[in-house]
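Since the structure comes first, as structure tokens, the remarks are kept for the end.
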Amino acid sequence: VQLQASGGGLVQPGGSLRLSCAASDFTLDSYNIGWFRQAPGKEREGVSYISSSDGSTLYADSVKGRFIIFRDNAKNTVYLQMNILNSEDTAVYYCATVRTVVHTWEGLKFYGMDYRGKGTQVTVSS
């Protein structure tokens, strides 16, 4: 069982990137999927989440209104469209299956990330 995040790169402030989360040997639409990021010297941050049951979505306040998570079941892929990027978005981004999500004023907390793949680096810089 393997997830693979891709699509990262170097982008200027204000730019956009689309990250992909693909699975090679299981069907993603059966799982809740979360994106989280890890920046040097910072705690891991839950960024976005999409439910398997009803497609509902959640976003961290830091990305709400700029990022969009969505599925393409035909491609067995979950995407994270990232717009109006800024330097605070620089991090390694990971996707994972998520059993439970808790959304509080502290942000998104993912529990039971049974499967996760290697991350993809996003660097926002001029």
Side-chain angles (χ1 to χ4, degrees):
V1 175
Q2 195 169 20
L3 290 179
Q4 181 62 54
S6 62
L10 174 63
V11 62
Q12 291 187 341
S16 297
L17 280 176
R18 178 176 291 182
L19 305 184
S20 300
C21 176
S24 58
D25 50 5
F26 66 100
T27 304
L28 279 182
D29 65 3
S30 300
Y31 293 85
N32 306 320
I33 300 296
W35 283 96
F36 64 96
R37 63 189 181 186
Q38 182 83 57
K42 293 185 178 181
E43 292 188 1
R44 186 174 69 192
E45 179 186 16
V47 172
S48 186
Y49 164 92
I50 186 166
S51 166
S52 63
S53 60
D54 61 3
S56 58
T57 58
L58 293 170
Y59 298 93
D61 288 346
S62 58
V63 307
K64 198 170 185 178
R66 300 188 296 122
F67 289 13
I68 302 169
I69 187 171
F70 61 99
R71 297 179 184 269
D72 184 335
N73 291 334
K75 295 183 178 180
N76 200 29
T77 301
V78 174
Y79 297 97
L80 185 68
Q81 177 68 40
M82 307 188 298
N83 302 317
I84 317 175
L85 288 161
N86 59 62
S87 59
E88 296 294 308
D89 298 315
T90 295
V92 179
Y93 284 71
Y94 302 83
C95 62
T97 59
V98 174
R99 290 183 180 268
T100 305
V101 62
V102 176
H103 189 193
T104 70
W105 64 272
E106 292 182 307
L108 293 180
K109 302 294 184 184
F110 299 146
Y111 299 93
M113 292 191 287
D114 296 332
Y115 308 117
R116 70 178 84 174
K118 295 179 181 179
T120 185
Q121 174 71 47
V122 172
T123 303
V124 184
S125 175
S126 55

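All residue numbers in this chain count up from 1 along the given sequence. As a basis for the values below, the full set of heavy atoms in this structure was taken, side chains included, without hydrogen atoms, waters or symmetry mates.
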Leu85 side chain near Phe67 side chain, heavy-atom distance below 4.5 Å
yes

Could you walk me through whether Gln4 and Ser6 satisfy the side chain to side chain donor-acceptor pair (under 3.5 Å) test, starting with their C-alpha distance in whole Å, then the side-chain angles of each, then the deciding distance to 0.1 Å, before giving a yes or no?
CA-CA 6 Å; Gln4 181 62 54; Ser6 62; over 6 Å; no

Given side chains that start at C-beta, do those of Asn86 and Pro13 come closer than 4.5 Å, heavy atoms only?
no

When hydrophobic residues are tied together by side-chain contacts of less than 4.5 Å, even through go-betweens, does Met82 share a cluster with Val11?
yes

Which distance, rounded to the nearest 0.5 Å, do you find between the OG of Ser16 and the CD1 of Ile84?
7.5 Å

Using every non-hydrogen atom in the two residues, find where Val122 and Gly8 come nearest and quote the distance to one decimal.
CG2-CA, 4.0 Å

Which is it for Asn32 and Val101 under the side chain to side chain contact (heavy atoms under 4.5 Å, CB included) test, yes or no, and what are the steps along the way?
CA-CA 9 Å; Asn32 306 320; Val101 62; over 6 Å; no

Mutual orientation of the aromatic rings belonging to Phe26 and Tyr115 [parallel < 30°, tilted 30-60°, perpendicular > 60°]:
tilted

Say you draw a straight line from OG1 of Thr57 to CD1 of Ile69; how long is it, rounded to the nearest 0.5 Å?
7.5 Å

Side-chain contact, heavy-atom cut-off 4.5 Å: Glu45 with Leu108?
no

Membership question, hydrophobic clusters at under 4.5 Å side-chain separation (ILVMFWY): are Val92 and Met113 in the same one?
yes

Are Tyr79 and Val98 connected, step by step, through hydrophobic side chains (Ile, Leu, Val, Met, Phe, Trp, Tyr) whose heavy atoms are closer than 4.5 Å?
no

On a heavy-atom basis, the closest approach of Ala5 and Cys95 is CB-SG, 4.1 Å

Is any side-chain heavy atom of Ile68 less than 4.5 Å from a side-chain heavy atom of Tyr59?
yes

To the nearest 0.5 Å, how far apart are OG in Ser62 and CG in Asp89?
7.0 Å

Show the nearest heavy-atom pair for residues Leu19 and Trp35, with the distance to one decimal.
CB-CH2, 3.6 Å

Salt bridge or not for Asp29 and Arg71, using N-O below 4.0 Å?
no

Would you tell me whether Ser125 and Thr123 have side-chain atoms, one donor and one acceptor, within less than 3.5 Å of each other?
no

Is a side-chain N or O of Asn76 found less than 3.5 angstrom from the main chain of Leu28, in a donor-acceptor match?
yes

Heavy-atom donor-acceptor pair, Tyr49 side chain to Val102 backbone, under 3.5 Å
no

Nearest non-hydrogen partners of Gly7 and Leu17, listed with the distance
O-CD2, 3.8 Å

In short, Ala96 meets Phe36 closest at the heavy-atom pair CB-CE2, 4.0 Å

Look only at the side chain of Thr120 and the backbone of Tyr93, and say whether a donor-acceptor pair between them is shorter than 3.5 Å.
no

If hydrophobic clusters are built from ILVMFWY residues whose side chains come within less than 4.5 Å, do Val78 and Phe70 share one?
yes

Rounded at 0.5 Å granularity, tell me how far NZ in Lys109 sits from OG1 in Thr100.
14.5 Å

Spell out, yes or no, whether Ile50 and Tyr31 are grouped together once hydrophobic residues are joined by side-chain heavy atoms under 4.5 Å, including indirect joins.
yes

Under 4.0 Å between a side-chain nitrogen and a carboxylate oxygen: does that hold for Glu88 and Lys42?
yes

Are any side-chain N or O atoms of Ser48 and backbone N or O atoms of Gly34, one a donor and one an acceptor, separated by less than 3.5 Å?
no

All heavy atoms of Leu3 vs all of Ala23, minimum pair found to be CD2-CB, 3.8 Å

Side-chain donor-acceptor pair under 3.5 Å between Arg44 and Gln38, yes or no?
no

Heavy-atom side-chain proximity of Val63 to Arg37 below 4.5 angstrom
yes

